[in-house]
Amino acid sequence: MADTVGYSDSVSFTFPDWQALTFAVDCTGKRAVLAVQKWLAVVNIESEQGGECKALRKLAKLNKYEIKAAQWCPHVKQLNYLASTSQEKLEVWDIEAERSPLLCSFKAQIRPVTDISWSCAEPDLLATCAVDTLFNVWDIRDTKRAKASFRSTAGASLVQWNRVNGSLLASAHDSELRIWDLRDTSQPTRLVSMTLTGASVMKMSSPRAAMTRLSSSGK
């Protein structure tokens, strides 16, 4: 089976025999990663003119579990950093490292990780969430314990850093959004309920120039 990715200018890329589970484009728009069953494939989507796309590099996974999330580091100094998750594990890769591309691998949550988000303020900070009642912020330079933890009454399906204020994060819990502050992890600073609409949050995005805005979509 082949997966195809299309763009508004009608250029499409085909990946024969790759059943991609996750797809992510870096902040330059030049590279993408596809998570396949046993490895991560890094592809150059800038140089291609559509059609069949070949991998620049394949990163072998360390376990048999499917990759549920993948995200590139958004910082210029660490554009070659890539994070991925499988089950409770978080793995961070340096795709330009020749011998040892895996920078770190550790248990990030008690239950399988549902989403990850790089901090837009600190290049070494990553947030993870899961269906358990705790989501965490990690410093990839020291993974022995979480830098911060937020406890909730319900599991989180999504997590998103604020792109303007590096202290703020949002998490999605079924039909509710919760805003958190790293300076006080005891409780959310704001709750936004979508109960009346009957919708569950499926996607979140933080605008680059608006600290107090958060867009979401649901079904």
Side-chain angles (χ1 to χ4, degrees), residues 1-109 112-120 122-129 138-141 143 158-161 163 203-205 208:
M1 178 180 179
D3 281 358
T4 301
V5 179
Y7 294 87
S8 59
D9 59 2
S10 299
V11 176
S12 63
F13 304 94
T14 303
F15 310 98
D17 302 321
W18 294 2
Q19 296 187 19
L21 306 170
T22 302
F23 177 82
V25 180
D26 72 1
C27 64
T28 68
K30 298 178 181 179
R31 295 178 302 189
V33 63
L34 291 93
V36 189
Q37 182 66 32
K38 296 182 179 180
W39 35 265
L40 289 160
V42 178
V43 297
N44 184 346
I45 59 176
E46 182 190 43
S47 64
E48 303 289 344
Q49 298 300 316
E52 184 176 336
C53 200
K54 297 181 180 180
L56 293 174
R57 186 169 191 179
K58 292 182 179 180
L59 305 172
K61 289 167 45 182
L62 299 180
N63 57 59
K64 62 181 180 180
Y65 300 108
E66 293 183 351
I67 295 174
K68 293 297 184 181
Q71 192 175 107
W72 294 89
C73 181
H75 295 270
V76 175
K77 293 182 179 180
Q78 294 180 182
L79 288 178
N80 51 314
Y81 281 22
L82 172 68
S84 64
T85 69
S86 56
Q87 287 295 94
E88 305 90 356
K89 290 279 188 176
L90 173 66
E91 297 174 340
V92 180
W93 309 81
D94 181 349
I95 67 163
E96 294 183 2
E98 295 183 3
R99 295 186 177 181
S100 302
L102 184 62
L103 295 177
C104 58
S105 175
F106 58 95
K107 186 174 182 179
Q109 299 284 157
V113 178
T114 54
D115 196 23
I116 54 178
S117 181
W118 285 93
S119 167
C120 291
E122 298 290 338
D124 295 306
L125 296 188
L126 265 166
T128 62
C129 67
W138 299 94
D139 188 327
I140 62 174
R141 297 166 297 184
T143 60
L158 300 169
V159 62
Q160 176 69 55
W161 283 91
R163 293 188 178 183
K203 187 68 176 178
M204 293 191 301
S205 179
R208 295 184 181 275

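No experiment lies behind these values; they were computed from the predicted model shown. What's counted below: heavy atoms across the whole structure, side chains too, no hydrogens, waters or symmetry copies.
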State the [atom1]-[atom2] distance between [X] and [Y], to the nearest 0.5 angstrom.
X	Y	atom1	atom2	answer
Cys27	His75	SG	NE2	9.0 Å
Gln160	Cys129	CD	SG	10.5 Å
Trp138	Leu90	CH2	CG	8.5 Å
Trp118	Leu82	CH2	CG	8.0 Å
Glu122	Ile140	CD	CD1	11.5 Å
Ile95	Tyr81	CD1	OH	11.5 Å

For Thr22 and Ala35, indicate whether the former's side chain and the latter's backbone hold a donor-acceptor pair under 3.5 Å.
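Not a single qualifying donor-acceptor pair exists.
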Would you say Asn80's side chain and Asp94's backbone share a donor-acceptor pair under 3.5 angstrom?
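No: the side chain of Asn80 does not pair with the backbone of Asp94.
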Close side-chain approach of [X] and [Y], heavy atoms under 4.5 Å:
X	Y	answer
Arg57	Pro101	yes
Arg31	Leu79	yes
Leu59	Trp39	no
Val113	Lys68	no
Asp124	Gln78	yes
Thr128	Thr85	no

Around Phe106, counting heavy atoms of other residues, nucleotides and ligands shown, do more than 12 lie under 6.0 Å from its CZ?
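Check passes, neighbour count above 12.
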Taking all heavy atoms of [X] and all of [Y], pick out the closest pair and write down the distance.
X	Y	result
Ala60	Trp93	O-CH2, 3.2 Å
Trp72	Val33	NE1-CG1, 3.6 Å
Ile116	Ala83	CD1-O, 3.7 Å
Pro123	Cys73	O-SG, 3.9 Å
Ser105	Leu102	CB-CD2, 4.1 Å

